[in-house]
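Just so you know, these numbers come straight off a predicted model, no measurement behind them. Every heavy atom of this structure was used, including side-chain atoms; hydrogens, water molecules and symmetry mates were not.
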There are 2 protein chains.
Amino acid sequence: MKLTSKGRYAVMALVDLARFDNINPVSLRDISLRQGISLDYLEQIFSKLKKNEIVKSIRGTQGGYVLNKSPNDIKLTNIFHAVDEKVKTVQCKKESKKGCNGKATKCITHNLWDELEIHINTFFENKSLKDLLNNNKETRV
Amino acid sequence: MKLTSKGRYAVMALVDLARFDNINPVSLRDISLRQGISLDYLEQIFSKLKKNEIVKSIRGTQGGYVLNKSPNDIKLTNIFHAVDEKVKTVQCKKESKKGCNGKATKCITHNLWDELEIHINTFFENKSLKDLLNNNKETRV
DNA sequence: ACATACCTGACTAAAATGGTCAAGTTTAGA
DNA sequence: TCTAAACTTGACCATTTTAGTCAGGTATGT
């Protein structure tokens, strides 16, 4: 079980964005430089964040991205969902013969994964961008 | 973020084993049939479970595997650890220029992943095989 | 007009995943 | 003692996912 870097980058980029978007939109180029994330990759990520209305884009010179909601209203759940970083515990193959369906034992551990999923999602639902901002204020240069 | 089927199979197999090992050792062939898991794959998994002293093996005809501890003492943490199903949230590349080390911002989200890891591991540490057994008694045929 | 910045989609190398296959060794029981 | 059941080990492999890169765009402020 692991967290992919796409989800990680999304969070890092948004925290970065949240810090700097007070006055002007923030360009991906700046985020790329500050966070050490490939610009091309960032573009993919922000495309998804935009589709999910987490950020707004402003084109042209001096353009960039801006948060579309207050940091307090952007939960980690939203971010991960936007970039397809799902908490997949188990897919008991939907139509399969084996696994959850066919057998008498019926995927003994089914309940377990449900519980785990809830456990993790609760964590993400209770964390917002704002929490991360506060958390890191002292490390700001 | 996802749970691999290796970890899932390990748990399923051990629950199965725990149910049937009262008198005789349980052969992987039986588990394979009951749970619909490839025998060859089970062998890989049990090899690791044995190295981690979660099960014992008995060779020869009528041989098989037996739990090495009481179900109450086998936590999910132990199982996942045995089959290398780690909760990896983030590796801030150890010696890397980018990411956590070089930059002034210093991996803004570091604390977050630590918290998450603790959150998940707590869940696994508090779940034992016995919990799963009780949980599923009613579904037993 | 032109540089800056967003936008889009195709492509790809490398790693992880989810196994299979082959060739054993050990031991109970006929 | 012979043999079949069962564990043991390690190599191998196809597919999928990941983590990007590349190559083109399009929009817009100055």
CG of L39(A) versus P of dT21(D): gap in Å, rounded? 9 Å
What integer distance in Å separates L28(A):CG from dA5(C):P? 10 Å
Side chains of residues 60-75 of chain A: which donor-acceptor pairs under 3.5 Å do they make with residues two or more places apart or in other chains?
residue: N68(A); atom: ND2; partner: E53(A); partner atom: O; Å: 3.0
residue: S70(A); atom: OG; partner: N72(A); partner atom: N; Å: 3.2
residue: K75(A); atom: NZ; partner: N72(A); partner atom: O; Å: 3.2

Enclosure of H119(B) NE2 (heavy-atom neighbours >12, cutoff 6.0 Å): yes
Between C1' on dT30(D) and CG on N24(A), what's the gap in Å once rounded to a whole number? 15 Å
Options dT21(D), dG29(C), dT20(C), nucleotide nearest the side-chain atoms of S38(A): dT21(D)
Regarding the side chain of D40(B), the nearest nucleotide among dA22(C), dT21(D), dT18(D) is dA22(C)
Round to the nearest Å and state the distance from Y65(A) atom OH to dA27(D) atom C1'. 12 Å
Apart from I118(B) itself, what residues make up its hydrophobic cluster when side-chain heavy atoms of I, L, V, M, F, W and Y under 4.5 Å apart count as a link, directly or indirectly? none
Length of the OH-P vector between Y41(B) and dA16(C), whole Å: 14 Å
If you take atom types as modelled and just measure distance, does the side chain of Q44(A) reach the base of dT21(D) with a donor-acceptor pair under 3.5 Å? yes
For atom CZ of R29(A) and atom P of dC7(C), their distance in whole Å: 17 Å
Among residues 46-61 of chain A, which contact DNA chain C at a heavy-atom distance under 4.0 Å? K50(A), S57(A), I58(A), R59(A), G60(A), T61(A)
Nearest to the E43(B) side chain among dC7(C), dT9(D), dA6(D), which nucleotide is it? dT9(D)
Distance check needed: dT3(D) P versus Q62(B) CD, whole Å only. 19 Å
Angle between ring planes, W113(A) versus F80(B), binned at 30° and 60°: parallel, tilted or perpendicular? tilted
